[in-house]
Amino acid sequence: MPATHLHHHAPRILPREFYGASPKVVARKLLGKLITHQLNGERLTGRIIESEAYLGRCDPASHAYGGETARNAVLFGPPGYSYVYFIYGMHYCLNFSCQKQGEPGGVLIRALEPVAGLETMTRLRGLSGIGRRKLLCSGPGRLCQALGITLAQDNNLDVTVVDSRLQVLDDGSPPPSILVTPRIGISKAEDLPLRFVVTG
DNA sequence: GGAGCGATGTCCT
DNA sequence: GGACATCGCTCCG
C-alpha cells in the first residue's frame with residue numbers, strides 16, 4: 001500500500017456536532033474532507049480544497065444578513081444541512097449550515113479535487129475529456145455542475161445521515177496546510193479573512 | 001494569461 | 001428594477 005494511504009481509514013460521515021461551531025471554524029475544518037453525491041446510482045466524490053465562511057446576521061455578505069426569508073431558511077435551521085442557491089441566472093452554489101438552530105451561518109464550498117466519478121463529472125461539465133482536470137471542480141458553480149447538484153434536488157438535505165444522497169465524509173487524511181485570504185466575488189465585507197484554501 | 005463583458009433567473013426593495 | 005457568494009467567451013498582448 002502506498003505511504004500516502006497509511007493515515008486513511010474507511011470514510012465516516014461527519015456528525016452533526018461538527019457543524020455546530022462557528023462558520024469560521026467549520027470552513028477551516030472542512031478542508032480535506034470528502035463530499036459525495038449519489039447520482040443515478042453512481043457516487044461522485046471530491047475532496048474539499050477551498051471554502052468560505054459566511055457569518056450570518058452580522059455579515060453583510062451573508063444571505064442571512066437582513067433576516068430569514070424563504071430562500072435562506074436553511075441557514076437559520078439546525079447545523080449539517082445543505083443550502084443550495086441559484087445565482088447569476090445559471091449557476092448553483094453549495095453551502096452547509098452551521099451553528100445551532102436560530103443562529104444562521106454557512107460555509108460555501110468553492111473548490112474540490114476530483115476523487116471518484118471523473119468520467120461522469122467531465123460529461124456533466126460539458127468538457128471534452130483530456131487535460132481539463134483543473135476546470136472540473138474549481139469554482140462553486142463548476143463543482144455543483146460536476147457533481148450534478150441542483151436547487152430542486154439537493155437543497156435542505158441532512159448531510160449527516162446514512163441514507164442521504166449528499167454526504168460529507170472524513171477518510172482520516174491528515175489535516176492539510178491552509179492559506180487564509182479575503183473572500184472572493186463579493187461586494188460587501190470584502191476584507192475579512194474568511195476564505196480557506198489548501199496549499200499546493 | 002489576463003482584463004472585459006454578456007448571459008441569465010431569482011430574490012428583495 | 002437592481003443586485004447577485006459565477007462562468008466562459010472574446011480580444012489583446
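These numbers come from a predicted model, not from an experiment. Just so it is clear: chains get the letters A, B, ... in the order the sequence lines come, proteins before strands, and each one is counted from 1. Excluded from the calculations below are hydrogen atoms, water molecules and symmetry mates; all remaining heavy atoms, backbone and side chain alike, are included.
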Problem set entry | Stepwise side-chain contact (heavy atoms from CB on, under 4.5 Å) test for A:Y92 and A:I87 | CA-CA 6 Å; A:Y92 299 107; A:I87 190 72; over 6 Å; no

For the student: nearest non-hydrogen atoms of [X] and [Y], plus distance:
X      : Y      : answer
A:H91  : A:G141 : CB-CA, 4.3 Å
A:A53  : A:R183 : O-NH1, 2.9 Å
A:L39  : A:L147 : CD2-O, 4.2 Å
A:A111 : A:S138 : CB-CA, 4.0 Å

For this session: Could you check A:L143, A:V107, A:L112 and say which one makes a side chain to side chain contact (heavy atoms under 4.5 Å, CB included) with A:I48?
Result: A:L112

Taking distance alone, no hydrogens or angles, what donor-acceptor pairs closer than 3.5 Å link side-chain atoms of residues 18-34 of chain A to residues at least two apart or in another chain?
residue : atom : partner : partner atom : Å
A:S22   : OG   : A:V25   : N            : 3.3
A:K33   : NZ   : A:K29   : O            : 2.9

Rounded to the nearest 0.5 Å, how far apart are [atom1] of [X] and [atom2] of [Y]?
X      : Y      : atom1 : atom2 : result
A:I184 : A:L194 : CD1   : CG    : 12.5 Å
A:C144 : A:H37  : SG    : NE2   : 9.5 Å
A:L94  : A:S51  : CG    : OG    : 11.5 Å

Seminar exercise, completed: Output field dot_bracket for DNA chain B (Watson-Crick or G-U, both distances under 3.5 Å, | for other-strand pairs) contains |||||||.||||.

For this session: Please collect all salt bridge (Lys or Arg N to Asp or Glu O under 4.0 Å) contacts where either partner lies in residues 189-200 of chain A, sequence neighbours excluded, each pair once.
Result: A:E50-A:R195

For this session: List in numerical order all residues of residues 188-200 of chain A for which some heavy atom is under 4.0 Å away from an atom belonging to DNA chain B.
Result: none

Exercise. Under a 4.0 Å heavy-atom cut-off, which of residues 97-117 of chain A touch DNA chain B?
Worked result: none

Identify all pairs in which a protein N or O lies below 3.5 Å from an N or O of nucleotides 10-13 of chain B, and state each distance.
residue : atom : partner : partner atom : Å
B:dC12  : OP1  : A:T69   : OG1          : 2.3

Exercise. Under a 4.5 Å cut-off applied to non-hydrogen side-chain atoms, are A:L75 and A:Y54 in contact?
Worked result: no

Seminar exercise, completed: Nearest-nucleotide check on DNA chain C, A:E52 vs A:Q145; residue mapping nearer the 5' end is A:E52

Exercise. Does A:P140 have any side chain to side chain contact (heavy atoms under 4.5 Å, CB included) partners at least two apart in sequence or in another chain, and if so, which?
Worked result: A:C93, A:L108, A:R110

Give me, pair by pair, the N or O atoms of the protein and of nucleotides 1-8 of chain B that are less than 3.5 Å apart, along with how far apart they are.
residue : atom : partner : partner atom : Å
B:dT8   : O2   : A:Y88   : O            : 2.1

For this session: Report the residues that fulfil side-chain hydrogen bond (donor to acceptor under 3.5 Å, both in side chains) with A:H63, sequence neighbours left out, ordered by chain and then residue number.
Result: A:Y83

Exercise. For A:G80, does its backbone N or O pair with a side-chain atom of A:S97 as donor and acceptor, under 3.5 Å?
Worked result: yes

Problem set entry | Residues forming a ring-ring contact (aromatic ring centres under 6.0 Å, His included) with A:Y65, sequence neighbours excluded | none

Distance-only donor-acceptor pairs under 3.5 Å for side chains of residues 162-180 of chain A, two or more places apart:
residue : atom : partner : partner atom : Å
A:S164  : OG   : A:D158  : O            : 3.2
A:S164  : OG   : A:L166  : N            : 3.2
A:S164  : OG   : A:L166  : O            : 2.7
A:R165  : NE   : A:D154  : OD1          : 3.1
A:R165  : NH2  : A:Q153  : OE1          : 3.3
A:Q167  : NE2  : A:V161  : O            : 3.2
A:Q167  : NE2  : A:V162  : O            : 2.7
A:D170  : OD1  : A:G172  : N            : 2.8
A:D171  : OD1  : A:R47   : NH1          : 3.2
A:D171  : OD1  : A:S173  : N            : 3.2
A:D171  : OD1  : A:S173  : OG           : 3.3
A:D171  : OD2  : A:H8    : ND1          : 3.4
A:D171  : OD2  : A:R47   : NH1          : 3.4
A:D171  : OD2  : A:R47   : NH2          : 3.0
A:S173  : OG   : A:R47   : NH1          : 3.1
A:S177  : OG   : A:T199  : OG1          : 2.6

Seminar exercise, completed: Bounded by its outermost nucleotides with an atom under 4.0 Å from a heavy atom of chain A, the footprint on DNA chain C reads C:dC4 to C:dG8

